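Here is the structure we will look at, set down as structure tokens.
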Amino acid sequence: MKRIYMDYSATTPVKQEVLDAMMPYFTENFGNASSIHGFGQEAKRALESARATIAATMGTTPETLYFTAGGSESDNWALKGVMRANKAKGNHLITTTIEHHGILHTCNALEKEGFEVTYLEVDDKGLISLEALEAAITEKTVMISIMFINNEIGTMQDVKSIGEIARKHKVIFHTDAVQAYGNVKIDVDTFNIDLMSVSSHKIYGPKGVGALYIRKGIKIQNIIEGGAQERNRRAGTENVVGIVGFAKAAELAEAQLDEHIKRLSGLRDRLAKGIIENIDYSRYNGHPTQRHPGNVSVCFEFIEGEGLLLMLNAKGIAGSSGSACTSGSLDPSHVLLAIGLPHEIAHGSLRLSMGDFTTEEDVDYAIESLKEVVHKLRMMSPLYDRVAGGK
Amino acid sequence: MKRIYMDYSATTPVKQEVLDAMMPYFTENFGNASSIHGFGQEAKRALESARATIAATMGTTPETLYFTAGGSESDNWALKGVMRANKAKGNHLITTTIEHHGILHTCNALEKEGFEVTYLEVDDKGLISLEALEAAITEKTVMISIMFINNEIGTMQDVKSIGEIARKHKVIFHTDAVQAYGNVKIDVDTFNIDLMSVSSHKIYGPKGVGALYIRKGIKIQNIIEGGAQERNRRAGTENVVGIVGFAKAAELAEAQLDEHIKRLSGLRDRLAKGIIENIDYSRYNGHPTQRHPGNVSVCFEFIEGEGLLLMLNAKGIAGSSGSACTSGSLDPSHVLLAIGLPHEIAHGSLRLSMGDFTTEEDVDYAIESLKEVVHKLRMMSPLYDRVAGGK
Amino acid sequence: MYTEKVMDHFMNPRNVGEIENADGVGEVGNVKCGDIMRIYIKVNGDVIEDVKFKTFGCGSAIAASSVATELIMGKTIEEALALTNKQVVDELGGLPPVKIHCSVLAEQALKAAIYDYATKNDLHFEALKDFDPNEEHDHHDVVNIEF
Amino acid sequence: MYTEKVMDHFMNPRNVGEIENADGVGEVGNVKCGDIMRIYIKVNGDVIEDVKFKTFGCGSAIAASSVATELIMGKTIEEALALTNKQVVDELGGLPPVKIHCSVLAEQALKAAIYDYATKNDLHFEALKDFDPNEEHDHHDVVNIEF
Ligand SMILES: Cc1ncc(COP(=O)(O)O)c(C=O)c1O
Ligand SMILES: Cc1ncc(COP(=O)(O)O)c(C=O)c1O
């Protein structure tokens with residue numbers, strides 16, 4: 001059977017070049033990067049060269065880049081680390097209602113510790129209001145954390161303006177760039193970003209590796225204490241293999257960025273158009289243009305997302321959904337509700353996210369399959385006959 | 001040149017069988033284990049089967065095992081998570097002076113949060129006193145954290161008795177078993193262990209993966225919040241490749257444990273004897289028998305450890321040292337000082353740790369090399385001529 | 001995630017559709033929670049001669065509806081009222097814990113259809129004594145993973 | 001970690017040993033911190049005719065001693081006193097930041113030897129005006145990694 005992967009925003013396959021780069025570090029150059037013998041020094045060199053490679057793709061220098069176990073750890077570290085270290089300055093954090101749970105649940109934990117959090121709302125396209133952001137800043141505001149690109153609806157914020165506002169008010173600016181990094185050009189200085197979370201497995205690198213960019217001078221506490229790795233800021237034997245893979249993936253992403261964006265946007269627009277034009281009672285979520293190049297988020301009325309995913313899967317298509325049923329929760333995705341969709345529509349959501357191995361044929365096959373599957377589910381739906389009973 | 005790796009306690013090479021087991025999960029079965037499509041479900045099956053495999057090697061069930069990014073994260077989680085979640089019970093933690101920094105620095109952080117920590121001293125062989133432990137327990141004691149095997153001097157505590165004392169006083173017992181797991185038979189029930197930290201890269205698995213065993217019913221807070229992975233307790237896309245590798249390594253370790261211990265202890269005793277008998281003013285650190293099967297920790301008077309390592313490295317031998325100079329710190333290893341060694345002797349320490357690829361020839365070569373190298377360094381030492389000036 | 005049996009009933013659901021002039025129709029669940037089941041029955045004497053369903057919901061909701069209709073087709077009303085959600089689960093070869101509520105919903109939808117039939121025909125069934133077709137029966141566990 | 005030059009001086013140190021009946025001997029550092037350097041000089045007129053060292057310490061301490069002795073061999077006392085730790089570092093092609101103190105120690109050990117010579121011979125050197133052979137010159141950064 002055909003197998004078409006359209007869930008690149010969930011995770012990506014490791015590219016062959018990336019795996020090739022990693023191979024020597026499993027069995028041969030396997031040393032502990034903190035050891036002073038040859039095995040260790042080889043590992044150290046690989047580690048520091050990886051750090052330099054990744055730092056360069058963000059327009060920064062190696063000593064501002066700290067490796068972690070992934071996007072979630074980076075998010076936790078950025079928020080807990082900065083808020084706890086800057087109590088003298090204040091106790092207020094500003095974020096949005098559409099952040100990843102790595103941010104939102106960390107905010108909840110911080111609220112329990114006594115910090116205050118403002119959650120900015122977004123409009124129907126998923127954009128925050130810059131005026132509302134500026135108005136939310138108080139004397140006690142330590143930090144703003146706003147995601148670069150939303151993982152579900154693909155909307156990209158005006159990060160540059162957010163950075164300017166943060167800088168103007170001398171507030172620290174963190175961005176969760178897990179979905180953005182590798183899919184859009186990022187320069188931490190241009191955007192006035194003070195901390196930035198990224199994750200390897202979203203850009204064709206291995207899982208279990210990420211990084212946190214920390215601008216020089218930012219006060220931050222550790223969340224994982226122990227050995228002096230990562231310049232005393234993040235303990236644990238360095239995952240050299242993973243970091244080397246991450247760096248190779250970052251290097252490829254950087255080198256192919258323009259082409260990657262161009263190709264993917266073409267596929268994205270073709271898929272979105274094909275769906276909206278061919279399937280009635282469907283809607284395209286997120287911003288029409290200011291969005292992730294590979295993200296198509298749609299809602300189909302009268303049907304539920306999990307069934308849709310399963311039927312697509314039976315046709316060999318792998319997608320994801322903000323449906324409540326995929327998560328076992330009562331409510332559909334907080335992001336879809338935040339952009340103002342009613343529950344019943346949010347339940348019928350589908351995210352197809354494309355990547356470097358997606359082809360036009362895949363897109364066309366997905367459109368055809370969707371037509372069939374949506375129709376089949378609607379024919380079973382007690383909601384559809386109410387509107388389309390006569391058809 | 002010959003290259004002899006004798007730093008298995010720092011990290012191990014990934015075994016070929018382990019790498020083979022990992023390979024399909026990079027480029028083929030690369031799905032996100034939380035996705036409901038086929039790619040995700042394959043990953044999920046691999047993840048859960050890995051969990052079951054590892055749990056079985058500890059005599060426990062899969063739902064008590066949580067994957068982390070390594071030993072340090074597990075240590076941080078165990079201590080911060082349990083102490084913060086059990087404030088209603090008390091604020092006192094008991095540990096030892098010879099723990100890994102993953103524990104000690106976490107304890108320092110907890111002290112800053114207002115918790116109280118008792119650091120038990122050890123005797124000249126590195127053993128704590130069970131009486132002192134019991135005497136240290138107060139009504140406010142929430143937790144005891146005592147390492148199973150010390151990473152530097154190899155001493156193994158009487159974990160069973162510690163577990164009994166903890167149980168008797170209804171205190172939670174955590175053990176950092178990073179050096180023990182895979183090198184000694186561990187059954188969490190037999191030892192009354194409530195939480196246990198382990199790390200993959202110490203047992204021929206990949207770096208960047210570890211686990212925390214948490215007995216059912218133990219109250220613990222998260223340190224990494226976000227998605228509902230690991231049954232809501234540790235967020236972040238699961239590192240399936242790494243976890244599969246960890247499980248394969250654990251399975252091999254379990255299957256070969258008796259043979260592993262027998263072979264290594266033989267090499268260990270041969271090396272220790274060879275050193276002590278051939279090099280004067282040398283001493284064997286740690287417990288003579290109750291110790292890691294592959295650990296030889298020695299001190300050579302009148303010389304400094306870093307130089308020793310570098311000269312050994314020039315002869316192709318990779319070892320490690322608790323010397324201050326290897327760490328850039330003023331003081332030599334806290335463990336060597338804790339067993340009562342004066343600074344000048346602790347500076348001259350060497351740890352050679354052996355593993356499954358170490359041979360008898362390696363051991364004999366190491367002894368010969370050490371004789372030469374120690375002699376050479378002593379001939380340069382202004383301390384040696386004072387005692388041996390006349391020789 | 002799902003057993004083969006669940007997938008079979010989901011991909012090839014039995015008895016999907018409507019019955020025109022049904023003797024009883026029951027609908028449970030609500031759109032907010034993402035599950036609605038509607039069951040139609042045709043009764044002949046005390047035998048359920050035909051049954052059909054329409055479901056808005058996840059894979060297991062559809063499979064549970066399908067299995068429930070299959071289990072009661074041709075049965076007497078009394079027999080149908082004896083159907084439990086456990087039987088539905090067993091027949092499906094099991095459901096994930098967070099999906100058990102789908103089987104409850106199927107049991108409830110069927111009861112609601114018979115309740116409707118009973119009300120229209122002024123019949124009384126012991127098994128429906130405490131049944132309230134408008135009660136909420138949802139009890140999901142909250143676990144969220146996004147990526 | 002170390003440059004080739006450091007490794008060369010560490011593996012093949014120049015001027016190791018003692019000078020019997022040396023004209024000056026200086027020892028700095030202490031055993032607690034893990035670094036002791038002892039330098040012997042033989043002076044002829046105002047020229048350092050011979051110099052030898054013994055060092056207890058890490059690789060860079062040994063290399064720094066070796067390079068320092070090489071740099072002053074055959075120089076006048078005044079020239080030797082002009083030696084700075086920076087010259088030692090440069091000659092070694094650089095040292096890691098946490099090891100810079102080793103070059104300071106080498107400079108101090110040499111000064112201590114000349115100080116000893118000066119004291120014995122009742123000579124006064126402007127460059128030794130503020131020199132105290134017993135002062136501590138250690139300034140390691142604390143970074144610990146264990147495994
Ligand atoms: C926006 C965003 N932030 C954070 C994360 C978490 O990253 P990781 O899974 O590497 O922990 C993800 C992906 O899961 C994401 O999409
Ligand atoms: C006893 C002990 N605990 C904890 C650790 C930390 O483990 P990891 O490097 O996997 O974080 C180590 C090894 O470095 C160790 O030897």
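Each chain gets a letter, A, B and so on, in the order the sequences are listed, and its residues count up from 1. Everything quoted here is computed from the prediction, not taken from an experiment.
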Apply side chain to side chain contact (heavy atoms under 4.5 Å, CB included) to A/Tyr384 and C/Lys54, showing your working. CA-CA 10 Å; A/Tyr384 190 59; C/Lys54 282 215 164 175; over 6 Å; no
Can you say whether C/Pro96 sits under 4.5 Å from chain A via the side chain, the backbone, both, or neither, judging by heavy atoms? neither
Between C/Met37, C/Met11, C/Met1, which residue shows the highest count of heavy-atom pairs closer than 4.5 Å to chain A? C/Met11
Does some side-chain heavy atom of A/Asp385 sit less than 4.5 Å from a side-chain heavy atom of C/Arg38? yes
Ignoring hydrogens, what is the shortest heavy-atom contact between A/Glu306 and C/Cys58? Give both atom names and the distance. OE1-CB, 3.0 Å
For C/Gly59 versus A/Leu310, what's the shortest heavy-atom pair and its separation? CA-CD1, 3.8 Å
Atom pair OG1/CD1 of C/Thr55 and A/Ile303 - distance to nearest 0.5 Å: 14.0 Å
Let me know if C/Ser65 has heavy atoms under 4.5 Å from chain A in its side chain, its backbone, both or neither. neither
Would C/Ile62 and A/Met380 count as a side chain to side chain contact (heavy atoms under 4.5 Å, CB included) here? Give the steps. CA-CA 9 Å; C/Ile62 290 170; A/Met380 288 190 220; 3.8 Å; yes
If every non-hydrogen atom of C/Val31 is compared with every non-hydrogen atom of A/His347, which pair is closest and at what distance? O-CD2, 3.2 Å
Would the number of heavy atoms belonging to other residues, nucleotides or ligands and lying under 6.0 Å from NZ of C/Lys86 be above 12? no
How close do C/Phe56 and A/Ser381 get, counting heavy atoms only, and between which atoms? CB-OG, 4.0 Å
Quick one: does C/Lys32's side chain have a donor or acceptor within less than 3.5 Å of a partner on A/Pro342's backbone? no
Distance-minimising heavy-atom pair for A/Glu304 and C/Gly34: CG-O, 3.7 Å
If you count every heavy atom of other residues, nucleotides or ligands that lies below 6.0 Å from C/Tyr2 atom OH, does the total exceed 12? yes
Please check if the number of heavy atoms outside A/Glu121 that lie under 6.0 Å from its CD is greater than 12. no
